[in-house]
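This structure is a prediction, so every number in the text was calculated from the model and none was measured.
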Amino acid sequence: MEGRQLASKWLKTEALLGNPRVADHIPATRVYNTSNLHQMLNRYGFVVIKPIVGGGGNGVIKITMEGGNYAYTYMANTRSFTGFDEMVRSLSTVKKKRRYIIQRGIRLASISGRPIDYRVKFVKTKGRWVCRGVVGRLARQGLFVTNLCRGGTQLNGSEGIRRSLSGRMVRAKRREMLNISQKCTRILERKYPGIRQLGYDYGIDKSGHIWIFEVNTRPQ
């Protein structure tokens, strides 16, 4: 049942970025190096870096720049710096030698200050892809990662949209996530034949725009 696995976040993101129908839903993403990090912080002021291979929120770090000051948050701990180079040196002790990607940070719609994102699971069964559910994942108080293994709370997807945005948006946003998932599934299956499960991690920002953060070929 498991089908083909593809661990690299970068390869899956790259495949989707090449398609204009879904690229608008993917935050700007680059491979981690200090030059790319500097450029993206100057442009966006807020980025998230994550290991190219890994899951469960392991190693995911939020980095911000404001008024020439820098800070990064790993789990519930935030460290602040007055210079970029000083911040990067400290960051390397947390990153260790893992390869990372940098993703533009998205200010998610939230519930009582806790960010929420969504997992949409698609499974290939009897030759066709079917959706196996849309669930919301509400971050534990004080954390920016929503993973359930990090203390996040699972909600029905519709309830999450209603409470973080509005009841009027529930049907439209659910339908939009499913439509994007169908397009992405066709793209990924063409590029990587043999995949049989896909878990899409979506965020919805405060204006209602849907973003794809990650695609998993072995969704939990």
Side-chain angles (χ1 to χ4, degrees), residues 1-32 36 40 43-44 47-60 99-106 108-109 116-137 145-147 157-158 160-161 169-205 207-220:
M1 173 58 209
E2 279 201 345
R4 182 175 181 178
Q5 306 295 307
L6 189 67
S8 169
K9 293 180 176 71
W10 175 245
L11 288 179
K12 289 173 281 193
T13 300
E14 198 174 36
L16 297 178
L17 280 170
N19 189 294
R21 290 179 302 164
V22 296
D24 183 49
H25 294 282
I26 300 173
T29 305
R30 295 192 194 176
V31 172
Y32 180 95
N36 283 343
M40 289 184 74
R43 181 163 187 184
Y44 302 114
V47 300
V48 172
I49 68 169
K50 50 181 85 169
I52 286 178
V53 176
N58 288 312
V60 178
R99 294 174 63 231
Y100 268 70
I101 57 172
I102 313 167
Q103 206 167 61
R104 172 190 172 186
I106 302 299
L108 292 175
I116 183 170
D117 67 10
Y118 302 87
R119 165 63 61 88
V120 177
K121 188 172 179 180
F122 268 58
V123 175
K124 191 167 193 181
T125 178
K126 296 181 181 175
R128 54 191 291 268
W129 287 92
V130 295
C131 176
R132 282 283 168 82
V134 180
V135 298
R137 302 181 304 183
V145 293
T146 60
N147 305 77
S158 297
I161 297 166
M169 300 176 80
V170 170
R171 287 184 65 184
K173 291 302 161 190
R174 276 184 61 99
R175 191 182 311 120
E176 190 178 356
M177 279 192 273
L178 294 177
N179 287 341
I180 296 167
S181 301
Q182 287 166 345
K183 289 175 186 171
C184 291
T185 299
R186 287 194 290 270
I187 294 163
L188 291 168
E189 190 175 33
R190 275 199 303 272
K191 180 85 173 174
Y192 300 108
I195 53 175
R196 298 181 63 82
Q197 297 186 78
L198 290 166
Y200 293 93
D201 289 349
Y202 287 105
I204 306 180
D205 66 23
S207 69
H209 187 81
I210 292 177
W211 299 94
I212 306 169
F213 291 141
E214 204 170 304
V215 187
N216 299 279
T217 52
R218 192 168 57 189
Q220 300 304 310

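- Between atom CZ of residue Arg21 and atom CG of residue Leu16 there is a gap of 11.0 Å, rounded to the nearest 0.5 Å.
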* Check the pair Cys131 / Leu178 against side-chain contact (heavy atoms from CB on, under 4.5 Å), numbers first and verdict last. => CA-CA 8 Å; Cys131 176; Leu178 294 177; 3.5 Å; yes
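- Taken from CD1 in Ile102 to NZ in Lys50, the straight-line distance is 12.5 Å, to the nearest 0.5 Å.
- Residues His209 and Ile106 are not in side-chain contact: their nearest non-hydrogen atoms beyond the backbone lie 4.5 Å or more apart.
- Summarising the geometry, atom OG belonging to Ser181 is positioned 13.5 Å from atom NZ belonging to Lys121; distances are rounded to the nearest 0.5 Å.
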* Asked: Given the rule in the side-chain contact (heavy atoms from CB on, under 4.5 Å) test, do Ile52 and Tyr100 qualify, once you have shown the distances and angles that lead to the verdict?
  -> CA-CA 5 Å; Ile52 286 178; Tyr100 268 70; 5.6 Å; no
* Asked: Where do Leu108 and Ile116 land on the side-chain contact (heavy atoms from CB on, under 4.5 Å) test, with the steps shown first?
  -> CA-CA 7 Å; Leu108 292 175; Ile116 183 170; 6.0 Å; no
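- Residues in residues 183-194 take part in these side chain to side chain donor-acceptor pair (under 3.5 Å) pairs, two or more places apart or across chains: Lys124-Glu189, Trp129-Glu189, Thr185-Tyr200.
- When side chains are defined from C-beta on, Trp211 counts as touching Arg104, because their heavy atoms get closer than 4.5 Å.
- Under the 3.5 Å distance criterion, the side-chain polar atoms of Gln103 are matched with a main-chain donor or acceptor of Phe213.
- Closest of all the heavy-atom pairs between Ser158 and Arg174 is OG-CD, 3.1 Å.
- Remark: the backbone N or O of Ile210 is paired with a side-chain donor or acceptor of His25 at under 3.5 angstrom.
- Rounding to the nearest 0.5 Å gives a distance of 9.0 Å between OH of Tyr202 and CD of Glu176.
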* **Evaluation steps, side-chain contact (heavy atoms from CB on, under 4.5 Å), between Ile212 and Asp201** => CA-CA 6 Å; Ile212 306 169; Asp201 289 349; over 6 Å; no
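- Shown are Gln197, Arg196, Gln182; of these, the side chain to side chain contact (heavy atoms under 4.5 Å, CB included) with Phe122 is made only by Gln182.
- Using a 4.5 Å cut-off on side-chain heavy atoms (C-beta onward), Ile49 and Val60 make no contact.
- Note: Ile180 CD1 to Ile26 CD1 = 9.5 Å, rounded to the nearest 0.5 Å.
- A donor-acceptor pair is defined here as one N or O able to donate and one able to accept, closer than 3.5 Å; such a pair exists between the side chain of Lys12 and the backbone of Leu6.
- Between the side chain of Tyr118 and the backbone N or O of Ile161, at least one donor-acceptor pair lies under 3.5 Å.
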